[in-house]
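Since this is a predicted model, take the numbers as computed values, not measurements. Sequence lines set the chain letters: A, B, ... in the order given, protein chains first and strands last, and positions in each chain run from 1.
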Amino acid sequence: MRFAFSDDQLAFADAVRELLTNECPPEVVRAAWDSPDGRNRRLWTQLAEMGVVGMLAPESIGGLGLSDIDLVRILAEAGFAGLAEPLADVAAVVVPALRDHGAAGLSDELLARVVAGEATVGLGLRSDGSTLHAESADALLLEAEDGLHLVATTDVELSPLNTVDGARRLSRVVWSPSEETLLAGGPSAAVEARDRAAVAAAAELCGLADRMLAIAVEYVTERKQFGVPIGSFQAVKHHLANATLALEFAKPLVWRAAYSRTMGDPDASLHASMAKAQASDAAEVVGVAALQCHGAIGYTVECDLHVFLKRAWALQRRAGDAAAHRRRVAAAVLHAN
Amino acid sequence: MRFAFSDDQLAFADAVRELLTNECPPEVVRAAWDSPDGRNRRLWTQLAEMGVVGMLAPESIGGLGLSDIDLVRILAEAGFAGLAEPLADVAAVVVPALRDHGAAGLSDELLARVVAGEATVGLGLRSDGSTLHAESADALLLEAEDGLHLVATTDVELSPLNTVDGARRLSRVVWSPSEETLLAGGPSAAVEARDRAAVAAAAELCGLADRMLAIAVEYVTERKQFGVPIGSFQAVKHHLANATLALEFAKPLVWRAAYSRTMGDPDASLHASMAKAQASDAAEVVGVAALQCHGAIGYTVECDLHVFLKRAWALQRRAGDAAAHRRRVAAAVLHAN
Amino acid sequence: MDLTWSEREEAFRAECRTWLEANVPHGLPSGDTREGFTLHLEWERTLHAAGYAAVSWPKAYGGRDASLWEWLIFEEEYYRAGGPQRVTQNGIFLLAPTIFEFGTDAQRDYYLPRMSAAEDLWCQGWSEPNAGSDLAGITSRAVRDEAAGGWRLSGQKTWTTRGAFCTHLFGLFRSDGDAERHRGLTYFLVPLDAEGVTVRGFGRLDGDEGFAEVFLDDVFVPDGDADPARGGVLGGVDQGWGVAMATTTSERGLTLRSPGRFRATASRLVELYRARGGDDPLLADEVVRAWIGAEAYDLYTLGDVTQITSGGSPGARSSLNKLFWSELDIALHRAALNILGPDAEIDDDPFMKGYQFALSGPIYAGTNEIQRNIVAERVLGLPRK
Amino acid sequence: MDLTWSEREEAFRAECRTWLEANVPHGLPSGDTREGFTLHLEWERTLHAAGYAAVSWPKAYGGRDASLWEWLIFEEEYYRAGGPQRVTQNGIFLLAPTIFEFGTDAQRDYYLPRMSAAEDLWCQGWSEPNAGSDLAGITSRAVRDEAAGGWRLSGQKTWTTRGAFCTHLFGLFRSDGDAERHRGLTYFLVPLDAEGVTVRGFGRLDGDEGFAEVFLDDVFVPDGDADPARGGVLGGVDQGWGVAMATTTSERGLTLRSPGRFRATASRLVELYRARGGDDPLLADEVVRAWIGAEAYDLYTLGDVTQITSGGSPGARSSLNKLFWSELDIALHRAALNILGPDAEIDDDPFMKGYQFALSGPIYAGTNEIQRNIVAERVLGLPRK
């Protein structure tokens, strides 16, 4: 029994944090709001070169052949940086789907290009109803009633949507599933994709919450009112203590969900739902506390907080919100036997 | 438009508070825990003599012929005092039921005796599954599928229950409805009885919450730690501010529910449910805050707080808990039209 | 207790409803953008022409002598009809009550008609970079210019809502630098086109420009009501704290946030639930909680108005009012986002926009932490320290 | 990361499970009543005889040299089997870790075997009437008796759980009256049958006698480990604050509240829901929230133990631990009461009893207000003042 990341895992996460600290500071995330397609190819190439995009792909086609446990910490780092690239969708959902269901000739070649950072694949789950960065994607992995489909972007109709988080370029996708597009039939591949998306979002939410908390701690330590730092007021202390409590007891569920996926635990879906439910709620608690502790300054676009807050609002309700995942836990726990 | 009690109503409530302050201090409530049947006949007679028991009964048989608006403040005073007598059941539910459905010869005479304080009638709603002070009652008003029944206590089988609040003597009642016992058939009388019980409990809960808050305010003003009154700590202030907020925004819903009943408003049931939902939640918030602000002393039986806290726990879940009443509001508000 | 409206009040309601249904513009861009502000101004002038800009004011100032009850009715109908935000609100709802209470006849006669007609547009200048919750920490100063018969104002104000679009500012300045924190402050009225004023707008979290910083550099304002067109002093010199407290009580209490606003949001939430809630019992419970909250706020307000019309004052209880509506507003909008689910992040949904605005509720008009302190200290009587 | 148990650990679990299923007594009256205490004492001695009283201790002291992981397994099995509360807990889980860390060999050899055998029964003497959250406000004093080679203790301790049934007390006394608040305190071990000790039990909200006040009037305790049978000093003279902080960290952290306890409550809650929940989606959601909380606490604890077994220390993070389990315990029991509905007030339901006990969780072992201060100041680094 050992519930901790290995030194190698921590070192990899540190390296990713260092890259993102340098290459993806808040100014870069803000720049994505104003860029034509919201993408940052240079950063994406750097992440691919580090092996992050293809972390779960086999080494034979340029991947790292690592596990979900290795990836989950990296996704938290992406959240911490507010990375607007489609890393969670691609690295945590698309890559393993193409890896595991690569029978169709198309997907093998595509996987290699994805791993190399040359192509991206957008993800469309039925629970979400829209796809991130579909316009800049080369293909789309779309869930239909009969399973997962892999569809060329040219074969669908996209309607872009305005989003609260300007870095998230969402589109509705209109398409028709067919036998040719079917990548993996039956429910299990779709369930796995949904679970992976939920855990990836949960990990990003943990990172986002960590960042919002850090921003708030820094602010309340510096900002003075009534002659003292506002962080010395008990109400402010308790807001941020509550935020810490929610977050620190969500993280273990998220790490465990990645572990269970890696090990093929039969409860992996249950664990994914617990992780997403708790991380969504924690991000809400942390976000509200961080905003409130900032006072009016947090309510301005000049303050970085809103960049992370809006991302969190989006991810809290993607790949199933807390209530939906608790319903799934209820089905497993309360109605079992 | 005028949303306030009249001077007469306030003066009556003040008189009841004065009586209860003198005759029903916490020592008297505690004594009920240890008395054989939990009753205090002297106090009951005094309340009857003041007209409180028969407030809603016609003057012709010794009642005051007043309205639910007059009564609701009195019930809040009963809650404030922690009165263990069955005032809410008798004055708010049984008396109007006998008044309005007095066709059966039995009930006319019984009503006069109830108003005079010579007899009491226990109340058994299907939502509650047990009856307060059934053993000391002369008759029972019991809800069955076909309506309200009036049953002699000698015709039922009673099984006493142990209760958290030792002053609440509860029994399960085993009985068989029959045509002879039917006081008011059809759903409307039963619905009215349930609504009245809900509003009465809500009013008592407001009074209980007022009392718990008062006890907590007094304690935190006197108790010192770290060289200052604990009430000067912001965390303590905010606990009690939250308690005040919950309570002060529950009360208007309770008063309005009594008004709607008096006026025969078609939304009276809806208003009863809003009142009970909000008052139940408010009492929970206030009780938890009051207990926490007391620290260990609140956790002892020597401190009066527990007497009121346990009563509140009971009433929160009687005559429908907050969730049940919100379900009823949902049925009316969300599914209407 | 009487929860019915008189015939006269019902007639007033019918009149408001008819007029509003015929005249309320729909789909205006936010009034906190420059483009939207202009359109909102037109609407304000339409309201004024019909006598609806400030119904409870005397006719002479552009109102219609309506009672406080009728004001509640107007507000309810206004939000029921989907009326747009009132870009005049900081003048009409916050400054005006203070002018009624502390102004001279000359000030009332000059400012109020211009305010109701939306000729003068007022923004508030309370906060400074280092005086937010700690309002007494204000450092902007007013220096006496005896020769010119007035004051010279210097300093920086911030978080002035719609400051970039307004014409006038009201706020506190330190007129006696030696006095203690709450003393030595004076309440000034300042035209923003005065020499020495610079206004810089900046962006709000909800995407609107919304806020402004106002820099004052030796701005001349005459004494009292000597020349209202050039601004002046409201209430006595060095008496600003007491005058400002009257404004903040309005701000926290019902004049800023009438119950009609939340009732209307609750109704729209119910419509959203019916359209998209899918009969989910948890969403239903969340919607009903918020809906009951809106009812509670409405009733609480009726109690407030009963008290006020009987000559009472809500006093520190206005802090309870502010705590409740600010948290209710968030609850109403959060319930909507939970119904919308993954579509909540789509920006053109009015509930998403409303949620973002609602989140500022526990911050503006005195943070909810400060309001909770006030409730504890002044409603419950707990020791200040 | 490896969330599997070794073969050896699984074998240990199987052994515990078998023994506990065969031996755990059911339906004991509360150990916080005199009658129940006697029966619990029998059970403690049965546990000790089978080597289960303190599994992680060295064999010489009555344990079985189990690892911290095995201790977690034992606890999980203990609560899974419905094992009764441990009336020895204040000794075994709170005092013992402090004796292991600060005690002399003579103290360890004398106290620990008697503790695991439930011969000595320890209660804690932290709180005083005017020193609760403000532990440094202790005024009970220890006066040096040079001639007799020891100390004379006087003062009043309160809230000592099961104090009326215990044989020994550990607690802080002011040995240097001139020192500042946190200094000049010494950690004493005191037999309650010493001359000058008076114990008075009093009632708890949940109906059990439970608490006691302990009055000390010139009670003699020898120096250090000079004569452990008569008590003594643990750690150095005037070093009591540091020694006590080690105990309070144990108290807040996992040794007092192992995850098995909450997992077992969560399982019983699920059973209750199945039996009486009526498939109500709101109740299901509430149960699931609490159930996920119990899982989260379990996993968090595994992280803690991983850290401790790698030589780390949770430090101030034990305050997070305490906040979480105390609020989890309430959530678990409140969900049960909501399932029970009007029957919740019926006293013989174990969830009602458990709810009342759970409500003391945010109070004992340092109030949750103090724990939140600690998290803010020592985990997040916010300024103390």
Does a side-chain heavy-atom distance below 4.5 Å link [X] with [Y]?
X      : Y      : answer
C:V375 : B:L240 : no
C:L320 : B:F249 : yes
B:H238 : C:N373 : yes
C:D279 : B:H335 : yes
C:E295 : B:Q278 : no
C:L302 : B:M1   : yes
B:T262 : C:M1   : no
B:L245 : C:R372 : yes

So, for [X] and [Y], which heavy atoms are closest and what is the spacing to 0.1 Å?
X      : Y      : answer
C:E377 : B:K237 : OE2-NZ, 2.5 Å
C:L3   : B:F3   : CD2-CD1, 3.4 Å
B:E248 : C:Y300 : O-CD1, 3.6 Å
C:A296 : B:L253 : CB-CD1, 3.8 Å
B:A4   : C:T306 : CB-CG2, 3.8 Å

* Would you sort out whether C:D285 and B:R327 count as a side chain to side chain contact (heavy atoms under 4.5 Å, CB included), showing the intermediate values? => CA-CA 7 Å; C:D285 189 68; B:R327 224 166 18 237; over 6 Å; no
Atom group of [X] that falls short of 4.5 Å from chain B, counting heavy atoms:
X      : result
C:F324 : both
C:E327 : side chain
C:R317 : side chain
C:S6   : neither

* **B:T221 OG1 to C:L380 CG distance, which is reported to the nearest 0.5 Å** => 9.0 Å
* Atom NE2 of B:H325 and atom CD1 of C:I292: how far apart are they, to the nearest 0.5 Å? ->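 Nearest 0.5 Å value for the NE2-CD1 distance: 10.5 Å.
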* Could you tell me whether B:R2 and C:D2 have a side-chain N and a carboxylate O separated by less than 4.0 Å? => no
* Carefully, step by step, assess B:V333 and C:V287 under the rule side chain to side chain contact (heavy atoms under 4.5 Å, CB included). => CA-CA 10 Å; B:V333 172; C:V287 168; over 6 Å; no
